Amino acid sequence: MSSFPNITSTSLTFFLMGVPGLEADHTWISIPFCCLYMTALSGNGIILFVIITESSLHEPMYYFLSMLSTTDLGLCISTLVTTLGIFWFRARQISFHACVAQTFFIQLFTVVESSVLLAMVFDRFIAICNPLRYAAILTDSRIVKVWFAILMRGIVILMPLVLLLKCLSFCQNYVLHHSYCFHPDIIQLSCSDNKINSVLGLTALIVTAGVDSIFILLSYTLIIKTILSIASPEEWHKAFSTCISHIGAVAIFYIPLISLCFVYRFGKKAPPYVHTIMANVYLLIPPVMNPIIYSVKTKQICRAI
């Protein structure tokens with residue numbers, strides 16, 4: 001039996017490692033991280049500003065793009081304070097309740113981003129497969145309802161995970177191996193039974209990103225089938241070009257997410273900094289790349305900027 005007492009959440013403080021094994025280089029590591037954060041915040045901020053101020057972009061496709069940019073801003077802000085705090089000021093301590101709150105918002109914005117990507121492919125599906133009813137189906141009121149449903153879906157799915165985290169007890173180790181609070185990292189430190197937390201975390205991932213990815217794949221199968229039935233090569237190219245940006249956004253979201261899952265499942269013998277770097281790539285690359293992809297590939301955004 002352990003000689004360490006169980007610590008309740010009311011008095012618990014965690015210590016964030018930043019990048020384990022590379023603590024001496026945190027100052028240098030902070031430079032690319034700072035550049036990535038600045039790029040993500042400015043890029044998504046510009047996209048939002050352009051869509052709000054440019055009346056020609058007040059269309060369903062750009063409303064969904066504004067949702068994506070809002071979500072990416074949320075992801076960046078959720079991790080920015082602790083990450084740069086560690087690199088610049090060695091501010092490693094974080095209270096349990098602040099840690100749980102950060103975990104919730106990181107997971108919420110991840111679920112919301114997956115849901116928004118699904119809504120965006122539905123937008124492309126209607127535009128290509130049923131263009132005559134596009135305006136009638138995707139009205140402003142329905143888009144608002146979709147946004148509300150996306151937020152409620154994330155909150156309802158993730159709230160049990162937060163409540164269960166508060167039920168855990170911790171005995172000895174309070175060191176988290178990331179620059180932010182990561183749900184699998186927290187439950188691994190618990191000295192109480194965390195099997196339910198682990199199962200619910202996996203279930204939440206499957207019913208959100210897993211289900212969304214299946215519907216996205218199915219939608220693109222139907223879209224490609226419709227595009228290939230178009231006789232004119234010019235119309236075929238025009239229809240497919242409207243999907244390029246979204247395909248890029250889907251790829252840069254799901255590839256790091258799947259890679260992170262594989263690293264946690266099969267890379268247990270890998271150096272600790274590998275897990276940390278992959279976790280940061282999974283959260284930072286989509287907010288950085290999405291504004292670049294849509295600015296380059298969407299003519300209307302280019303002109304407005």
Side-chain angles (χ1 to χ4, degrees), residues 35-80 105-106 108-131 133-155 212 216 219-220 223 238-254 283-305:
C35 293
L36 289 173
Y37 277 118
M38 289 178 61
T39 302
L41 292 174
S42 59
N44 287 288
I46 290 171
I47 293 289
L48 272 177
F49 177 78
V50 166
I51 292 174
I52 292 171
T53 57
E54 186 64 41
S55 58
S56 64
L57 300 181
H58 292 175
E59 298 177 3
M61 174 182 174
Y62 302 106
Y63 290 147
F64 287 123
L65 178 56
S66 68
M67 294 180 194
L68 186 66
S69 293
T70 302
T71 306
D72 285 336
L73 284 173
L75 271 177
C76 287
I77 295 170
S78 297
T79 60
L80 183 149
F105 283 110
I106 290 172
L108 176 63
F109 287 119
T110 301
V111 170
V112 168
E113 178 137 354
S114 177
S115 303
V116 170
L117 289 173
L118 177 61
M120 293 176 80
V121 77
F122 178 73
D123 166 77
R124 292 299 84 204
F125 174 79
I126 298 298
I128 293 173
C129 299
N130 199 354
R133 297 195 59 202
Y134 180 77
I137 295 174
L138 293 176
T139 60
D140 290 352
S141 62
R142 282 182 180 166
I143 293 173
V144 172
K145 291 176 182 177
V146 167
W147 179 235
F148 180 76
I150 287 172
L151 291 176
M152 290 306 300
R153 178 201 188 200
I155 293 171
D212 292 347
I216 288 172
S219 297
Y220 269 115
I223 288 173
K238 182 179 178 180
F240 188 73
S241 63
T242 63
C243 301
I244 291 295
S245 299
H246 182 261
I247 292 172
V250 170
I252 64 173
F253 176 77
Y254 281 102
L283 287 180
L284 270 178
I285 293 303
V288 169
M289 293 302 300
N290 283 336
I292 297 174
I293 290 173
Y294 277 95
S295 297
V296 171
K297 293 295 183 181
T298 308
K299 293 181 180 179
Q300 292 86 341
I301 296 290
C302 286
R303 294 196 202 102
I305 292 176

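All figures in this text were calculated on a predicted structure; none of them were measured in a lab.
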Fill in: side chain to side chain contact (heavy atoms under 4.5 Å, CB included) evaluation trace for I301 with L57
CA-CA 8 Å; I301 296 290; L57 300 181; 4.0 Å; yes
Response to the item:
Rounding to 0.5 Å, atoms CD1 (I155) and CG (L108) come to a distance of 6.0 Å
Worksheet item: Between the main-chain N or O of I126 and the side-chain N or O of N130, is there a donor-acceptor pair closer than 3.5 Å?
Response: no
Worksheet item: Taking atom OH of Y62 and atom CD1 of I52, what is their separation to the nearest 0.5 Å?
Response: 15.5 Å
Worksheet item: Any side-chain heavy atom of V121 sitting closer than 4.5 Å to one from I223?
Response: yes
Worksheet item: Going through the distances and angles, do V144 and D140 end up as a side chain to side chain contact (heavy atoms under 4.5 Å, CB included)?
Response: CA-CA 6 Å; V144 172; D140 290 352; 5.6 Å; no
Practice prompt. Please indicate whether F122 has more than 12 foreign heavy atoms, meaning atoms of other residues, nucleotides or ligands, lying under 6.0 Å from its CZ.
Written response: no
Worksheet item: Below 4.5 Å, heavy atoms only, C-beta onward: do F105 and I77 meet side chain to side chain?
Response: no
Worksheet item: Atom CZ of F64 and atom CG of L117: how far apart are they, to the nearest 0.5 Å?
Response: 11.5 Å
Item to complete: Heavy atoms only: give me the nearest S219-F125 pair and the separation to one decimal.
Response: O-CD1, 4.2 Å
Practice prompt. Apply side chain to side chain contact (heavy atoms under 4.5 Å, CB included) to D123 and Y134, showing your working.
Written response: CA-CA 8 Å; D123 166 77; Y134 180 77; 2.4 Å; yes
Item to complete: Mind listing the closest non-hydrogen atom pair of E59 and S56 along with its distance?
Response: OE2-O, 3.6 Å
Worksheet item: With side chains defined as the heavy atoms from C-beta onward, is the minimum distance between V116 and I150 less than 4.5 Å?
Response: yes
Discussion item. If you compare all heavy atoms of P291 against all heavy atoms of I47, which two are closest, and at what distance to 0.1 Å?
Written reply: CB-CG1, 4.1 Å
Worksheet item: Are any side-chain N or O atoms of H58 and backbone N or O atoms of T53, one a donor and one an acceptor, separated by less than 3.5 Å?
Response: no
Worksheet item: Would a 4.5 Å heavy-atom cut-off, applied to side chains only, mark Y254 and S114 as touching?
Response: yes
Fill in: N290 to D72 - nearest heavy-atom pair and separation
ND2-OD2, 2.9 Å
Discussion item. How long is the straight-line distance from CD1 of I46 back to CG of L41, given to the nearest 0.5 Å?
Written reply: 11.0 Å
Worksheet entry | Heavy-atom side-chain proximity of M67 to I143 below 4.5 angstrom | yes
Worksheet item: How far apart are the closest heavy atoms of T39 and S42, and which atoms are they?
Response: O-OG, 3.3 Å
Worksheet item: So, the side chain of T139 versus the backbone of A136: is there a donor-acceptor pair under 3.5 Å, distance only?
Response: no
Item to complete: Side-chain contact test, heavy atoms from C-beta onward, threshold under 4.5 Å: evaluate it for R124 versus M61 and give yes or no.
Response: yes
Discussion item. Nearest 0.5 angstrom please: H246 NE2 to L68 CG, how far?
Written reply: 8.0 Å
Item to complete: Any chance you could lay out the side chain to side chain contact (heavy atoms under 4.5 Å, CB included) test for I128 and C243, step after step, and finish with the verdict?
Response: CA-CA 10 Å; I128 293 173; C243 301; 3.5 Å; yes
Worksheet item: Does S66 use its side chain to pair, donor to acceptor, with the backbone of Y63 at less than 3.5 Å?
Response: yes
Worksheet entry | Close side-chain approach of W147 to V112, heavy-atom, < 4.5 Å | yes
Discussion item. For D212 versus S115, what's the shortest heavy-atom pair and its separation?
Written reply: OD2-N, 3.5 Å
Worksheet entry | Side chain to side chain, I293 and I244, heavy atoms closer than 4.5 Å | no
Worksheet item: Can you tell me how far the NZ atom of K145 sits from the CE atom of M152, to the nearest 0.5 Å?
Response: 15.5 Å
